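Chain letters run A, B, ... following the sequence lines, proteins first and then strands; every chain starts at 1. Bear in mind that the values here come from a model prediction, so they are computed numbers and not experimental data.
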Number of protein chains: 2
Amino acid sequence: MEGTGKLGQGFEHRDENATRVPVHQQVYAQLRDAVLFGELAPGQAVTIQGLIERTGAGMTPIREAIRRLTSEGALEFRGNRRVVVPMLTVDAIDDLIFLRETVESRLAAHAAKKITTADIAALEKIDAQVDEAITRGDVSAYLRQNFAFHAKLYAVANAPVLMDVANSVWLRFGPSMRVVCGRMGTQNLPDNHKTALDALKAKNAQETADAMREDVVQGMEQIREALLDGTAFSDTID
Amino acid sequence: MEGTGKLGQGFEHRDENATRVPVHQQVYAQLRDAVLFGELAPGQAVTIQGLIERTGAGMTPIREAIRRLTSEGALEFRGNRRVVVPMLTVDAIDDLIFLRETVESRLAAHAAKKITTADIAALEKIDAQVDEAITRGDVSAYLRQNFAFHAKLYAVANAPVLMDVANSVWLRFGPSMRVVCGRMGTQNLPDNHKTALDALKAKNAQETADAMREDVVQGMEQIREALLDGTAFSDTID
DNA sequence: GCCACAAAAATATGATCAAATTCTGATTAG
DNA sequence: CTAATCAGAATTTGATCATATTTTTGTGGC
């Protein structure tokens, strides 16, 4: 996705049976990933004109994508029609930890009741890639695979409302997570996925919820400490 | 706001010092209220063309408003470019109850720590109007004033992340709430606001949280029972 | 019941207008 | 004489609309 530039290349012939993805959704997905995986730094400005050049799309679909991301908390309206990637405050991170702890453990419990062997296999495959990214020290891959693991669990839980909240939380701490990982590398990162997988196999909702809560809290606390420390975010724009 | 039709009438001269409100925000606010206070029934379709006629606005701002409401859970994408007011399922209402209970009590606790005497006065004034609406049997006024009470509490709490979640939850049960109230009238509606106000005056976070939790759960359970009963929603579209 | 055609609605683009930021240069205080 | 500040011009950016294109839906003939 990085550096490809324009959208829609290679899809000029439309008599294929491939389902057409609307431009506004493509822009949304691209911008969402950019925020989620830290390609945009906290405080960085996001302009409509810039996205027009970057994506080659028209103005309307870009506006739609920005509105969507804004109400999901990925972007922030800064008064004078300026849109930026929000910067985390300590107050905000406390609420995010609380939310993620609460929502993610409930999602995990739901998932434990509905999970199939195929789902477990998929989760194990993703978790193996998480491990690989950690040993390789590949921050970007870790962020993507770790998200994929949690996202898969949300999908299994099949609870749209909770999933929306969880995704919004991810979008809000994503940029800071990247900054923290960039500083610390991948060594101290949490991975309680194995415990969760064992609990999932046993279809034990309570244990699954506890394992995921542990995983979540560990990760979020690292961001919180970096925020309190302050040095990690000294280079961000304002 | 009802029945006024076109937007932006009477604002042709722009040398006033009145701050200009963008059209997409006006459309958003209008549509948001329509969902929140049950002017649109669950399952009802929302079309771009319809809104163009209804509001007199152009296409782009309407699209933006719809995208925003969609990611806030007030509207739902139904496959073939069709947007509808979502219908609540029993699974969804359970998650909404859980979320509102959790988030609203935390917001209440935050508010208790920061509240001023002016805020308390404002809350008491709103609560008086809630009482008046109940005795008058005015469902529409009850819905608006009750929301105003909670919204004021959110504003005092000053926790943007939690407030976004709470507002999203409101948008998701709003339409069904209206259906339920339309059936039952205003007599059996909960109002634990007095207890909450006492706790707020004492700046007791725990008691405030408990009072609000009680208020919230009572209201949500009524929707849940109506959903299980099923008769209340038999006339909705789909 | 199925396919073709017509009408309606949604997506996407570019043009136009308005507002805000930035840039420039001059004036003035230290 | 240098540096800071402010006014106004120029550029950039956002908001809105009108229009073209594509997709879906609805209808009538076979």
Rounding to an integer number of Å, can you tell me how far [X] [atom1] sits from [N] [atom2]?
X	N	atom1	atom2	answer
B:Glu53	D:dC17	CD	P	15 Å
A:Glu64	D:dT16	CD	P	14 Å
A:Ile52	D:dT13	CD1	P	10 Å
A:Phe77	C:dA20	CZ	P	13 Å
A:Ile66	C:dA12	CD1	P	15 Å
B:Ile62	C:dA12	CD1	C1'	16 Å

(message) Within the supplied structure, the quantity of interest is the number of heavy atoms (other residues, nucleotides, ligands) at a distance under 6.0 Å from A:Lys125 NZ; does it exceed 12?
(response)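 It does not: A:Lys125 NZ has 12 such atoms or fewer within range.
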Using the test side chain to side chain donor-acceptor pair (under 3.5 Å), find all partners of [X] that sit at least two apart in sequence or belong to another chain.
X	answer
A:Ser168	A:Arg172
B:Asp94	B:Arg224
A:Arg100	A:Glu104

(message) Restricting to ring-ring contact (aromatic ring centres under 6.0 Å, His included), what partner residues turn up for A:Tyr28, sequence neighbours left out?
(response)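 Per chain and number, A:Tyr28 pairs via ring-ring contact (aromatic ring centres under 6.0 Å, His included) with no residue.
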Any N/O pairs under 3.5 Å between the protein and nucleotides 8-10 of chain C? List them or say none.
| from | atom 1 | to | atom 2 | distance (Å) |
| --- | --- | --- | --- | --- |
| C:dA10 | OP1 | B:Ile48 | N | 3.4 |
| C:dA10 | OP2 | B:Gln49 | N | 3.3 |

(request) For A:Glu221, enumerate each residue passing the salt bridge (Lys or Arg N to Asp or Glu O under 4.0 Å) test, keeping only those at least two apart in sequence or located in another chain. (result)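 Salt bridge (Lys or Arg N to Asp or Glu O under 4.0 Å) check on A:Glu221 returns nothing, list empty.
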(request) Describe the nucleic acid contact of A:Pro61 in one word from base, sugar-phosphate, nothing, applying a heavy-atom distance below 4.0 Å. (result)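 The residue A:Pro61 makes base contact.
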